[in-house]
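Everything below concerns the one structure shown next.
These numbers come from the heavy atoms of this one structure, side chains and all, not from hydrogens, waters or symmetry mates.
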2 protein chains.
Amino acid sequence: MSAADSTPGSGEQQDGCRTREVLDIVGDKWSLLVVRHLSQGPRRFTELKRAIDGISQRMLTVTLRGLERDGILTRTVRNVMPPHVSYELTPMGRTLREATAPLLEWSIEHLAHIDAARASYDARDRAPH
Amino acid sequence: MSAADSTPGSGEQQDGCRTREVLDIVGDKWSLLVVRHLSQGPRRFTELKRAIDGISQRMLTVTLRGLERDGILTRTVRNVMPPHVSYELTPMGRTLREATAPLLEWSIEHLAHIDAARASYDARDRAPH
DNA sequence: CGGAATCCCCCGCGATACTG
DNA sequence: CAGTATCGCGGGGGATTCCG
């Protein structure tokens, strides 16, 4: 609720703007995938790279940096040869993971339905009569 | 939990790929905002356009078409002058809205923390000594 | 092994103008 | 009012190369 106003037309949906912010944080192509792949424990760079299908090393680096900057994961370097860097969710990162769980379950539950809806939509305007 | 597997290392994260799919559906810049603004009932095109700050008519149209195609909302045209088109969440659309609620609450709850984390991260590598 | 730097392309998206 | 059509750019992100 926060400071909800009841006057529609001017200052409403202040909390709707939060949707914008959460998307700015994890709405990119890879962040949620990285978070998800860290949910079971620390992972090394190359492990993540192999686990997340299609990600480039550049985007993995960029994504990890962003999540580290946001305090969602930690980066731990062991100064040995060869280098050993591991990434791990912070407590806040784990709460993020939990917050995304419903959305994930939703997609699992409704994906078939969506495919069907798409097919029927495409058929609809392709065969006018 | 759903169909959780307990064998880490090989066949895991099959469901992690769903993260990809849900992002393909609502991970774009505007979809979740539209869904959120429809959560309180049907809205007309211009209502949405004014309510969603910064959206162009083009992107509103594109986003609405996509969500309609996915079966997340319905488009109802009343053939009058001037035209009257209203959009409304389907039952599935409402479940989507509910599934995103935790993520929204998460952002509200942690946004300040994230800003702080960013500030400290930026200060960290900007002032090496 | 885990990056950083560079190049470059694609397309998401905004701006503008025109229609029924 | 509720769109469609067209143009143009900015930047997200892939491919490649080099480094400690």
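Side-chain N or O atoms of B:Ser86 include none that pairs as donor or acceptor with a backbone N or O of B:Arg44 at under 3.5 Å.
Between the CD atom of B:Gln57 and the P atom of D:dT6 there is a distance of 16 Å, given to the nearest Å. If you measure from atom CG of B:Leu60 to atom P of C:dG12, you get 17 Å, rounded to the nearest angstrom. Separating the CE atom of A:Met81 from the C1' atom of D:dC19 is a distance of 11 Å, rounded to the nearest angstrom. Rounded to an integer number of Å, the gap from CZ of A:Phe45 to P of C:dG3 is 5 Å. What separates CZ of A:Arg58 from C1' of C:dC8 is a distance of 11 Å, to the nearest Å. Here the P atom of nucleotide C:dG3 and the CG atom of A:Asn79 are 12 Å apart, to the nearest Å. For the pair B:Leu64 CG and D:dC1 P, the computed distance is 16 Å after rounding to whole Å. Across the protein-nucleic acid pair, A:Arg43 atom CZ and C:dC1 atom C1' stand 17 Å apart, rounded to whole Å.
Among the nucleotides D:dG3, C:dA4, D:dG14, the one closest to any side-chain atom of A:Trp30 is D:dG14.
Between B:Lys29 and C:dG14 there is a side-chain N or O to OP1 or OP2 distance below 4.0 Å. At least one side-chain nitrogen or oxygen of B:Thr46 sits closer than 4.0 Å to the OP1 or OP2 atom of D:dA2. Checking the phosphate oxygens (OP1, OP2) of C:dG3, a side-chain nitrogen or oxygen of A:Arg75 falls inside 4.0 Å.
A cation-pi arrangement is present between B:Arg20 and A:Trp30, with the terminal nitrogen or guanidinium carbon under 6.0 Å from the aromatic centre and inside a 45° cone about the axis.
Each of A:Met59 and B:Arg65 was matched to the nucleotide of DNA chain D holding its nearest heavy atom; the match closer to the 5' end belongs to B:Arg65.
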Could you go step by step and tell me if A:Asp28 and A:Leu23 meet the side chain to side chain contact (heavy atoms under 4.5 Å, CB included) rule? CA-CA 7 Å; A:Asp28 59 283; A:Leu23 286 178; over 6 Å; no

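At a cut-off of 3.5 Å, with distance as the only test, a side-chain donor of A:Arg75 or A:Tyr87 sits close to an acceptor on the other residue.
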